[in-house]
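First comes the structure, then the notes that go with it.
For the numbers below, each heavy atom of this structure counts, side chains included, while hydrogens, waters and symmetry mates do not.
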Amino acid sequence: MVLYKLEDFDPNYRDTLQGEDIKGLGVYTETNNEKIGTVNDVLVDDDGHFRYLIVDLGFWIFGKKVLLPVGRTRIDHGTDRVYAVGMTREQAENLPEFNERLSLDQDYEERVRGVYRNPSYSNQPLDTSTPLETRTPVEAPLETTPAYTRDTYKYEQEPSLYGLNEPHHETMKLYEERLIASKRRQKTGDVTVGKHVETETARVAVPVERERVVVERITPENAGRAVSPGEANFREGEVTRVELHEETPDIRKEAVVREEIRVKKVVEQDTVQAEGTIRREELDVNTSGLPIEER
């Protein structure tokens, strides 16, 4: 199992932790609030699960860093403190030193775990209800430590070291429902656009000309004057011909474009209000008279 420093695994881890940075927090004993050191960094596994806090003991032991399994911690963001559960300052001094220049392999981790498996580092309170004179029967089976192999070891095997939900990191999830809106496209009808022919009587005014003959008799100014003998040419049957014309309308038809019809669709935007009944879980706290602090 490969372990990574938190920032190497997630450069934006502060956003992931919603701004609650654990690095730099002071580490204190849980029993007497004695400072052990400062959180220097966090080691996470391939899935991003917190596995160890790197604690710098430089406050009282210069340059020494140790690993503190997350299952042995209690983080109090209200006081910006990390409490080392079940550990004294002297015990922290005796932890195997963590050297960043050396590889963090299974052998080193197993050496660290071996220390924390010691009952003196246990976070479980000692059972003092048993009278001192009570003797353990000889035939009673001795409590044995489970055997772990370096090739098959999984952090989940030891929730007391790596379980964030045991018992100082209890998490309760509150659920709520929300409305999810989607749309379904459906046909609402058809619109048919066509054309037909209508007939009507059209009228048009055409100006025309028509010729007619006007015979006009006039008396010349020299009427009564004698003409020369050769000028008076009396001839029988002399006729003057005049052609008459008139215009008649010539009507024909031709087709012209009157207008164009364009058919298209437009989409109108509208907001439709919908409602539904949703459920949400709320937190009920029964303190039995004990003071609690909500943040």
### Query
Between the side chain of E211 and the main-chain N/O of H245, is any donor-acceptor distance below 3.5 Å?
yes
### Task
Check for a donor-acceptor pair, side chain of N222 on one end and backbone N or O of R225 on the other, with a separation under 3.5 Å.
no
### Query
Charged N to carboxylate O below 4.0 Å: is that the case for D76 and R81?
no
### Message
Let me confirm one number: the OG1-CG distance from T73 to L161, rounded to the nearest 0.5 Å.
### Response
11.0 Å
#### Entry: Point-to-point distance, once rounded to the nearest 0.5 Å, from CG of L57 to CD of E97
9.0 Å
### Task
Give the cluster check for V112 versus F50: same hydrophobic cluster or not, with ILVMFWY residues linked at side-chain heavy-atom distances below 4.5 Å.
yes
### Message
Salt bridge or not between K23 and E7? Use side-chain N to carboxylate O under 4.0 Å.
### Response
yes
### Query
More than 12 heavy atoms of other residues, nucleotides or ligands under 6.0 Å from CD of E156: is that the case?
yes
### Non-neighbouring partners of T29 that pass side chain to side chain contact (heavy atoms under 4.5 Å, CB included), sequence neighbours left out
T31, N32, E34, I36
### Query
Quick one: do the Y4 and D10 side chains pair a donor with an acceptor below 3.5 Å?
no
#### Entry: Heavy atoms of other groups near E259 CD, more than 12 under 6.0 Å
yes
### Message
If you take the centroid of each ring, where Trp contributes its six-membered ring, are Y52 and Y162 closer together than 6.0 Å?
### Response
yes
### Query
In this structure, are over 12 heavy atoms from other groups packed under 6.0 Å from N233 atom CG?
yes
### Task
Hey, could you give me the CG/CD1 distance between L6 and I54, rounded to the nearest 0.5 Å?
10.0 Å
### Query
So how far is it from K264 NZ to R262 CZ, rounded to the nearest 0.5 Å?
8.0 Å
### Query
Who else is in the cluster with L179 when I, L, V, M, F, W and Y are joined by side-chain contacts under 4.5 Å?
I278
### Summary
By side chain to side chain contact (heavy atoms under 4.5 Å, CB included), E100 pairs with (sequence neighbours left out) K5, N40, K65, F98
### Task
Answer yes or no: is there an ion pair linking E30 with R74, defined by an N-O contact shorter than 4.0 Å?
yes
### Message
Running the 4.5 Å side-chain criterion over Ile, Leu, Val, Met, Phe, Trp and Tyr, what cluster does V263 land in, apart from itself?
### Response
V191, V193, I261
### Message
Tell me whether L95 shares a hydrophobic cluster with V55, the cluster being built from Ile, Leu, Val, Met, Phe, Trp, Tyr side chains joined at under 4.5 Å.
### Response
yes
### Short side-chain donor-acceptor distance under 3.5 Å, Y116 and Q91
no
### Query
Between the main-chain N or O of D56 and the side-chain N or O of K64, is there a donor-acceptor pair closer than 3.5 Å?
no
### Task
Would you verify whether the NZ or CZ of R89 falls within 45 degrees of the ring axis of Y28 while also being under 6.0 Å from that six-membered ring's centre?
no
### Query
Is L67 reachable from M87 through a run of hydrophobic residues whose side-chain heavy atoms are each under 4.5 Å from the next?
yes
### Query
Hydrophobic clusters join Ile, Leu, Val, Met, Phe, Trp and Tyr when side-chain heavy atoms are under 4.5 Å apart, directly or via other members; which others share one with V256?
none
### Query
Quick check: does any side chain N or O of N118 sit under 3.5 Å from a backbone N or O of S120, one acting as donor and the other as acceptor?
yes
#### Entry: Heavy-atom side-chain proximity of F9 to D46 below 4.5 angstrom
no
### Task
May I have the step-by-step check of side chain to side chain contact (heavy atoms under 4.5 Å, CB included) for T38 and L25, ending in yes or no?
CA-CA 6 Å; T38 305; L25 298 184; over 6 Å; no
### In one Ile/Leu/Val/Met/Phe/Trp/Tyr side-chain cluster, 4.5 Å: V204, V208
yes
### Query
Taking NZ, NE, NH1 and NH2 as the nitrogens, is one of them in R280 or E282 under 4.0 Å from a carboxylate oxygen of the other?
yes
### Message
Hydrogens and angles aside, do Y153 and E110 bring a side-chain donor and acceptor to less than 3.5 Å of each other?
### Response
no
## Note on the structure
Members sharing V266's hydrophobic cluster, built from side-chain contacts under 4.5 Å between Ile, Leu, Val, Met, Phe, Trp and Tyr, are none
